[in-house]
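Every heavy atom of this structure was used, including side-chain atoms; hydrogens, water molecules and symmetry mates were not.
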Amino acid sequence: MTNFWLFKSEPNTYSFNDLVNDGVTEWDGVRNFQVRNWLRDTIKTGDQILFWHSNAKEIGVVGSAIVVKDGYPDHTAWDPLSDHPDPKSSPDNPIWYMVDIKPLKEFMKIITMQQLRDHPALVDMVVLKKGNRLSITPVTQAEYQTVISLSEDS
DNA sequence: GCCAACGTTGGC
DNA sequence: GCCAACGTTGGC
């Protein structure tokens, strides 16, 4: 069964354009247990993704992507030279997980957070909830399709 | 740069 | 197991 998710990234660090250029990427660096559990157990190949730019000039959804590899250990955790090492994680006893994703579609225009807030079908969208800080949040199929349809408006 | 919200750490 | 202190996230 296909599930739908929203992945946040800071474009200064890794933008949707970087993903387009890379073709496929390892979604490494998640160091939050709730999100880790989703990456390990729930997010599966074929699941669809809204790609969000946070901490940016324009905040919102800039494109869509798809999961191409189920969760597997995040090897950057035991690489002391990585951007987010965790010495408690090891190949024998991995703590952190990641999936691989590839881009589907780059939106012609960003769908801003304000546009999403203004849309009555998206009032329950998790990413819009106050205090939400998870780097990955679940999206319903209806919410996903609403956002995609917004991206197709001219 | 500010600060609200939340997760983690560590003393007790 | 409580909770204060601290660090991080991320919109504004």
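- Under the side chain to side chain donor-acceptor pair (under 3.5 Å) criterion, the residue pairs touching residues 131-143 of chain A are A/T140-A/E143, with sequence neighbours excluded.
- With hydrogens and angles ignored, the 3.5 Å screen pairs a side-chain donor or acceptor of A/N32 with a backbone N or O of A/V35.
- Within the 3.5 Å criterion, the main-chain N or O of A/L19 finds no donor-acceptor partner in the side chain of A/D22.
- Positionally, the nearest nucleotide of DNA chain B for A/N55 lies more toward the 5' end than for the other of A/R133 and A/N55.
- Every residue two or more places apart in sequence or in another chain that forms a salt bridge (Lys or Arg N to Asp or Glu O under 4.0 Å) with A/R31 is listed here: A/D74.
- When rounded to the nearest whole Å, the span between NZ of A/K57 and C1' of C/dG10 equals 18 Å.
- One interatomic measurement links the two molecules: CD of A/E10 to C1' of C/dT9, which rounds to 8 Å at whole-angstrom precision.
- Within the 6.0 Å centre-distance limit, the rings of A/F51 and A/W27 are counted as a close aromatic pair.
- Open room surrounds NZ on A/K109; 12 or fewer heavy atoms of other groups in view lie less than 6.0 Å from it.
- One can place CG of A/L134 at 10 Å from P of B/dT8, the figure rounded to the nearest angstrom.
- Panel note: side chain A/Q145, backbone A/A142; no donor-acceptor pair is recorded below 3.5 Å.
- Partners of A/T45 under the side-chain hydrogen bond (donor to acceptor under 3.5 Å, both in side chains) rule, at least two apart in sequence or in another chain, are A/D70.
- Atom P of nucleotide C/dT9 and atom CD1 of A/I136 are separated by 14 Å, given to the nearest angstrom.
- Atom NE2 in A/H84 sits about 14 Å away from atom P in C/dT8, given to the nearest Å.
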Got a list of side-chain donor-acceptor pairs under 3.5 Å for residues 93-103 of chain A, not counting sequence neighbours?
| unit_1 | atom_1 | unit_2 | atom_2 | d |
| --- | --- | --- | --- | --- |
| A/W96 | NE1 | A/D86 | OD2 | 2.7 |
| A/D100 | OD1 | A/Y72 | OH | 2.5 |
| A/D100 | OD2 | A/Y72 | OH | 3.4 |

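- The CZ atom of A/R31 sits 13 Å away from the P atom of B/dT8 (whole-angstrom rounding).
- Look at A/W52 and you'll find a side-chain N or O under 4.0 angstrom from OP1 or OP2 of C/dG11.
- Between A/K88 atom NZ and B/dT8 atom P there is a gap of 10 Å when expressed in whole angstrom units.
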Pick out the pairs of N or O atoms, protein on one side and nucleotides 3-6 of chain C on the other, that lie under 3.5 Å.
none

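- Across the protein-nucleic acid pair, A/M113 atom CE and C/dT9 atom P stand 16 Å apart, rounded to whole Å.
- Heavy-atom distances under 4.0 Å link DNA chain C to no residue of residues 116-123 of chain A.
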